Amino acid sequence: MNSVYQINKGVGKPIVFKGLKGQWIGWLCGGLLMLLLVFALCYISGVSLSVCVAFVAIAGALLFYIVYNYNNKYGEYGLLKEIATRVTPKRIVCDKLFCQ
């Protein structure tokens with residue numbers, strides 16, 4: 001009796017959706033959810049429908065531009081590498097007994 005096993009070739013690869021990798025999918029979804037809430041609040045408060053739609057369309061286009069720009073710049077791991085380089089000290093100074 002021989003067993004047949006399928007090989008999962010997607011293990012270790014990042015999640016990709018329409019060119020967005022990893023955490024940027026979540027950032028885009030969160031931003032779109034916030035735009036939906038802003039639209040609902042503007043519409044309920046009595047702002048003109050055309051103004052609401054225009055504002056959300058412009059803000060949505062800006063959101064897509066920023067998220068895709070960051071996705072291309074920082075890649076799968078997002079801002080983690082950038083933050084790590086910022087908190088890493090530039091140099092270590094040693095004076096006699098104390099190192100800073």
Side-chain angles (χ1 to χ4, degrees):
M1 235 181 341
N2 291 336
S3 297
V4 177
Y5 298 103
Q6 292 181 350
I7 298 173
N8 189 353
K9 295 182 179 180
V11 174
K13 290 186 180 180
I15 298 171
V16 178
F17 178 73
K18 302 273 186 185
L20 290 177
K21 296 178 186 175
Q23 71 179 15
W24 299 112
I25 298 169
W27 281 102
L28 185 64
C29 290
L32 290 175
L33 183 64
M34 292 303 293
L35 284 176
L36 179 66
L37 291 174
V38 167
F39 175 78
L41 289 174
C42 287
Y43 186 72
I44 290 171
S45 65
V47 178
S48 173
L49 182 63
S50 59
V51 172
C52 291
V53 170
F55 174 74
V56 169
I58 292 169
L62 185 64
L63 174 73
F64 269 84
Y65 174 76
I66 290 171
V67 169
Y68 271 95
N69 191 21
Y70 278 164
N71 180 54
N72 292 335
K73 185 175 182 181
Y74 294 115
E76 173 187 357
Y77 297 106
L79 299 174
L80 294 177
K81 291 182 182 178
E82 180 70 22
I83 292 170
T85 57
R86 286 183 186 175
V87 298
T88 304
K90 302 284 187 253
R91 61 185 174 272
I92 298 174
V93 179
C94 290
D95 286 338
K96 298 179 185 176
L97 297 175
F98 302 106
C99 289
Q100 299 177 3

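Small disclaimer: the values here were computed from a predicted structure and weren't measured. Scope of the values below: all heavy atoms of this structure, side chains included, with no hydrogens, waters or symmetry mates.
Linking ILVMFWY residues whenever their side-chain heavy atoms come closer than 4.5 Å, directly or via other members, leaves Leu80 and Val16 in distinct clusters.
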All N/O donor-acceptor pairs, side-chain side in residues 55-71, below 3.5 Å, sequence neighbours left out:
| residue | atom | partner | partner atom | Å |
| --- | --- | --- | --- | --- |
| Tyr68 | OH | Lys18 | O | 2.8 |
| Asn71 | OD1 | Lys21 | N | 3.2 |
| Asn71 | ND2 | Gly19 | O | 2.7 |

Distance-only donor-acceptor pairs under 3.5 Å for side chains of residues 33-45, two or more places apart:
| residue | atom | partner | partner atom | Å |
| --- | --- | --- | --- | --- |
| Ser45 | OG | Leu41 | O | 3.0 |
| Ser45 | OG | Cys42 | O | 2.9 |

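Residues forming a salt bridge (Lys or Arg N to Asp or Glu O under 4.0 Å) with Glu82 (at least two apart in sequence, or on another chain): Arg86.
Here the CG-CG distance, from Asn72 to Leu20, works out to 8.5 Å after rounding to the nearest 0.5 Å.
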